[in-house]
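Read the structure below first, then the notes.
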Protein chains: 2
Amino acid sequence: MKKLSDKQQRMVRYVDRFLSEKGFPPSIRDIQRGCSISSTSVVDYNLNVLESRGIISRHADISRGIRLLNKSSESRDVLTVPVIGMIAAGEPIPVPTPDTWDVAAVSDTIGVPSELIGGKRNIYALRVKGASMVDALINDGDIVLMQHVNAVENGQMAAVWLKSEKEVTLKKVYVEPDKIRLQPANSQMQPFYTESDNIEIQGRVIAVVRQVN
Amino acid sequence: MKKLSDKQQRMVRYVDRFLSEKGFPPSIRDIQRGCSISSTSVVDYNLNVLESRGIISRHADISRGIRLLNKSSESRDVLTVPVIGMIAAGEPIPVPTPDTWDVAAVSDTIGVPSELIGGKRNIYALRVKGASMVDALINDGDIVLMQHVNAVENGQMAAVWLKSEKEVTLKKVYVEPDKIRLQPANSQMQPFYTESDNIEIQGRVIAVVRQVN
DNA sequence: ATATAGTTAGAACAGGTGTTCTCCATTCTC
DNA sequence: GAGAATGGAGAACACCTGTTCTAACTATAT
């Protein structure tokens, strides 16, 4: 990939700054003035070069129809997800209540890029306590992003409450004839089988975030 | 505060959707068509109402000069981190170059809440390929946030290149008399010892992000 | 009913803005 | 040096688009 000319780099920076300061893209004549370019056709020419390199996208005949690509362009905002409690092997996980969504009632929150959540609803977070989830490749202190659901599709990772064992575990859930197969995320580990009426789906695992040290 | 009319609510939703889908604001005639409004002057009229209520801001005589206000307060900062390659057991990890930070050169990026990074510099991301890192509780497909450094403090998790084994591994690094101890994150696993001149620190692990399913 | 504020319709105007055309300058290749 | 490739200048055109004007239509209160 050939390097961008000095002028083209200035233009990209200008568009970026303009966009974040004003909230809408610059017109060609804005770029012309902002980058001290003598003619609109020069701007047009270089914008076409930038588009052919996939750095921006343009929309013909649309004012300010410039868009910076490569910028995780879609909803690059952070959602604030409440960390409503701990998850450990020996106890059921906390369940979100209407109260939980009150800003005041939650002591801890975590910022999450909205792309990780992808529009899902009923999202909350739990902090993992203890090393009982290592077979799900989840460590002590990790944050698990959960979606509050009562059932999951085959193969989805879920927080499962084992009634007779009085234990919660994070496993991929497969419904098989007459029984349930709980498969650890670590494929080197053995699956676990149990009766369908021994389990209770407490939530679906959306993502795991671990901050090291 | 008086309630917004049905039409005004539709307009706000339309602007929001348009903005996140296209990356630039709609024109008045876009809104007119999108909300099935009969006249541009009606759009103009209601936009003025919305502006006087502080819901949007407009810029006179500027095409598509509409901006949604309440969004800025919610979107805390996300850093866009380049995903510059893969990390696998058998090969050295890609190292960031000045080129890598070029907007054009990076194909993939990930949004990360700035709190995860905490002001650190030289951050990049790698996608994990293969299951060779399970003893670091890292799965195939996980994203590893790295900091480009040449040395780490005792006990910090690092990407270590083992020269004689020709292998990269993610371990906690401890300097001991005459040798180096590489400790897996999974405390149930055994540490690995090697000579100090057999290793090369390629970067420090900042965080791990796993998106499930 | 009358008045008033709020809202809508339709059209036209004027400036903003993307586009394009022609000519020119520089650099590189052969 | 001829020619191609790249980049630039200036102007003009045509459409996009914000704005404005007039007239009419609701709704509510007087």
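Predicted, not measured: the structure shown is a model, and the values here were computed from it. Any value given below was found using the heavy atoms of this structure, including those in side chains, with hydrogens, waters and symmetry copies removed.
- Applying the salt bridge (Lys or Arg N to Asp or Glu O under 4.0 Å) definition to pairs two or more places apart or across chains, those involving residues 201-213 of chain B are B/Asp142-B/Arg210.
- In this structure, B/Tyr45 places its OH atom 18 Å from P of C/dG10, rounding to the nearest Å.
- Considering only side-chain N and O atoms, B/Asn48 lies nowhere under 4.0 angstrom from the phosphate OP1 or OP2 of D/dT19.
- Between B/Lys163 and B/Asp197 no salt bridge is recorded (no basic side-chain N to carboxylate O distance below 4.0 Å).
- For C/dT8, one of the phosphate oxygens OP1 or OP2 lies less than 4.0 angstrom from a side-chain nitrogen or oxygen of B/Asn46.
- When only modelled atom types and interatomic distance are considered, A/Ser41 and A/Asp44 share no side-chain donor-acceptor pair under 3.5 Å.
- Within a 6.0 Å radius of CD in B/Glu165, other residues, nucleotides and ligands contribute more than 12 heavy atoms.
- Atom CD in A/Gln8 sits roughly 11 Å away from atom C1' in D/dT6 (whole-Å rounding).
- The CD1 atom of A/Ile37 sits 8 Å away from the P atom of D/dG8 (whole-angstrom rounding).
- Looking at B/Arg181 and B/Glu176, a side-chain N of the basic residue comes within less than 4.0 Å of a carboxylate O on the acidic one, giving a salt bridge.
- Comparing C/dC21, C/dG10, C/dT8 against the side chain of B/Ser39 picks out C/dG10 as the nearest.
- Here C/dT7 presents its C1' atom at 14 Å from CG of B/Leu50, a figure rounded to the nearest Å.
- For a distance-only test at 3.5 Å, the side chain of A/Ser41 qualifies as a donor-acceptor partner of the base of D/dG10.
- The environment of CG in A/Asn154 is crowded: more than 12 heavy-atom neighbours from other residues, nucleotides or ligands sit within 6.0 Å.
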So if I define the base as every atom that isn't primed, P, OP1 or OP2, how would nucleotides 12-18 of chain D read as a B/S/- string at a heavy-atom cutoff under 4.0 Å? ----SBB
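- Atoms CZ (A/Arg10) and P (D/dG7) sit 14 Å apart, rounded to a whole Å.
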